[in-house]
Amino acid sequence: MADDIKITIKSDVDVVDARRRGRELAAQLDFSAGDQAVVAAAISEVARNILSYAGHGEVLLHVMEDAERPGIRIVARDRGPGIADIARAMRDGYSTSGGLGLGLPGARRLMDEFQIVSSPKRGTTVTMKVWRRRRG
Amino acid sequence: MADDIKITIKSDVDVVDARRRGRELAAQLDFSAGDQAVVAAAISEVARNILSYAGHGEVLLHVMEDAERPGIRIVARDRGPGIADIARAMRDGYSTSGGLGLGLPGARRLMDEFQIVSSPKRGTTVTMKVWRRRRG
Amino acid sequence: MEVPILKQGDYLIASIQSALTDADLSQLRESLVERVGRNRARGVIVDVTALDVMDSFAVRTLRDLAHTTWLRGAETVIVGIQPEVAFSMVQLGLTLKGVATALDLEEGLLFLDERMKGHRRRG
Amino acid sequence: MEVPILKQGDYLIASIQSALTDADLSQLRESLVERVGRNRARGVIVDVTALDVMDSFAVRTLRDLAHTTWLRGAETVIVGIQPEVAFSMVQLGLTLKGVATALDLEEGLLFLDERMKGHRRRG
Ligand SMILES: Nc1ncnc2c1ncn2[C@@H]1O[C@H](COP(=O)(O)OP(=O)(O)O)[C@@H](O)[C@H]1O
Ligand SMILES: Nc1ncnc2c1ncn2[C@@H]1O[C@H](COP(=O)(O)OP(=O)(O)O)[C@@H](O)[C@H]1O
């Protein structure tokens with residue numbers, strides 16, 4: 001598991017593939033069923049955004065084993081038009097495409113860490129991290 | 001189809017006329033039945049707003065043929081009182097007239113591009129663009 | 001463009017024949033509300049099959065119509081919304097919530113018959 | 001990946017068998033809306049038991065589907081949302097507000113039967 005899993009996103013089949021791979025990884029790391037679904041949903045949102053707003057890009061999945069419990073780092077990046085106003089894009093219900101506008105803010109809620117870097121020249125990179133939770 | 005279609009809006013018959021012309025244009029460009037209704041509905045909303053808030057104005061329909069797929073540009077403009085707070089007018093449910101307040105935000109959701117320019121001196125111009133969709 | 005209103009038993013049936021202006025729609029609403037009283041109707045069917053667009057004004061008018069006839073003791077059902085019209089309405093955020101709908105005139109009549117049978121329970 | 005749609009009495013039942021792309025989901029919505037008219041269906045069940053993730057696009061499509069079939073006179077009920085999927089939906093802030101849901105196919109059928117019995121009560 002040393003290497004990143006890289007999924008090229010250029011059609012909606014790739015979005016399905018990315019979330020399936022994310023779920024499998026979460027299952028391997030013994031995430032709970034709920035958290036497997038959470039990982040898959042977050043990947044689905046950022047991968048679809050690549051397709052909708054940038055046309056193509058990639059999703060990278062990486063296992064983090066340096067902390068107390070294992071985690072997954074998800075990077076979604078594209079060289080699309082960028083996000084003009086990130087604060088606004090992070091707001092519940094804000095969408096430039098008639099979507100629900102819950103993708104980014106929802107993914108942020110799902111993940112332990114969440115970061116967006118975006119500029120009109122270099123496109124958009126969303127980085128999210130999630131660790132296996134202690135069983136309650 | 002080189003020229004714009006111009007419909008003067010000064011009574012509710014003109015609103016019906018404008019949406020009929022928009023639908024016909026969409027049909028000519030081979031838009032799906034659903035998207036023909038979408039174009040007609042969006043035109044209806046902005047044309048009625050002209051009548052309700054400015055009294056009279058005009059709707060211009062223009063075929064765009066420069067992109068991969070054909071599209072329609074709809075311009076609705078008047079020299080009425082303008083919109084004081086555009087952000088507020090774009091919110092679902094906001095209406096100064098007891099309307100549903102879904103006209104502008106709805107039209108934005110329906111169209112691929114949507115822009116309002118408004119000032120108390122020069123009135124209101126709404127510009128919307130919609131392209132024929134790829135068949136799923 | 002006046003919309004013809006037929007009386008059939010306890011019901012009134014308004015069949016929209018062509019595109020309507022806002023004034024026509026408002027007129028229809030008023031006529032139906034008035035006729036509910038005059039004809040002691042218990043059900044109203046508005047057939048919108050011929051409408052190829054339904055915008056926020058139309059939806060508001062139909063909603064108001066349904067609520068007003070209701071207050072006068074008659075249930076309204078909207079029939080014949082075409083698939084592409086339904087599609088555009090949903091995109092616009094227009095839902096006719098709280099108003100009964102049926103596929104077509106036949107289904108609308110069935111619906112009213114069922115509602116009239118026994119107790120007229122309400123949502 | 002086409003989703004099979006079965007007709008059972010007045011109802012249509014769409015059983016999703018595996019993960020769906022966005023295009024598949026949109027296709028399902030359109031097919032069901034079309035079939036409601038063709039089969040004169042009064043109820044629609046979408047069984048999502050096989051979906052192991054439900055994101056904002058899926059939720060929007062199911063909501064639109066339910067509202068559109070409603071405008072055509074048919075009630076839609078979504079059945080089989082798995083516990084972990086429900087969990088992630090809630091975390092994402094996704095609600096199926098205004099859409100009927102039931103535990104599974106059996107409950108979904110019961111729900112529709114009750115709605116259809118006598119008075120089709122309306123939200
Ligand atoms: N990769 C991206 N490139 C450019 N813009 C984006 C990207 N991702 C998101 N956005 C912008 O942020 C907005 C909010 O995104 P999101 O919360 O996922 O909602 P939705 O996709 O439903 O609109 C989008 O409407 C879009 O304008
Ligand atoms: N052409 C216009 N001129 C001035 N004000 C307008 C115009 N169009 C819209 N508005 C303002 O924006 C508000 C929201 O418009 P809309 O979303 O279409 O809802 P509604 O027309 O139902 O009120 C209106 O109530 C009105 O105050």
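Just so it is clear, the structure is predicted and the values come from calculations on it, not from any experiment. Residue numbers begin at 1 in each chain, while the letters A, B, ... track the order of the sequences.
Looking only at side-chain heavy atoms (C-beta outward), C/Glu84 and B/Val38 stay at 4.5 Å or farther from each other. Residues B/Asp35 and C/Phe87 are in side-chain contact: their nearest non-hydrogen atoms beyond the backbone lie under 4.5 Å apart.
The contact list for residues 101-123 of chain B toward chain C, using heavy atoms and a distance under 4.5 Å, reads B/Leu102, B/Gly103, B/Gly106, B/Ala107, B/Arg109, B/Leu110 by residue number. Contact annotation for residues 22-30 of chain C against chain B (heavy-atom separation below 4.5 Å, listed by residue number): C/Asp22, C/Ala23.
Checking side-chain atoms of B/Arg19 against main-chain N and O of C/Asp52 turns up no donor-acceptor pair under 3.5 Å. A donor-acceptor pair is defined here as one N or O able to donate and one able to accept, closer than 3.5 Å; no such pair exists between the side chain of B/Glu45 and the backbone of C/Asp55.
In this structure, CZ in B/Arg48 is found 5.5 Å from OG in C/Ser56, a value given to the nearest 0.5 Å.
More than 12 heavy atoms of other residues, nucleotides or ligands shown are found within 6.0 angstrom of CD on C/Glu34. Counting heavy atoms of neighbouring residues, nucleotides and ligands inside a 6.0 Å radius, atom NZ of B/Lys10 does not exceed 12 of them. Within a 6.0 Å radius of NE2 in C/His67, more than 12 heavy atoms belonging to other residues, nucleotides or ligands are found.
Closest of all the heavy-atom pairs between B/Gly34 and C/Ser88 is O-CB, 4.5 Å.
Applying side-chain contact (heavy atoms from CB on, under 4.5 Å) to B/Val16 and the options C/Thr21, C/Leu20, C/Val53 leaves one that passes, C/Thr21.
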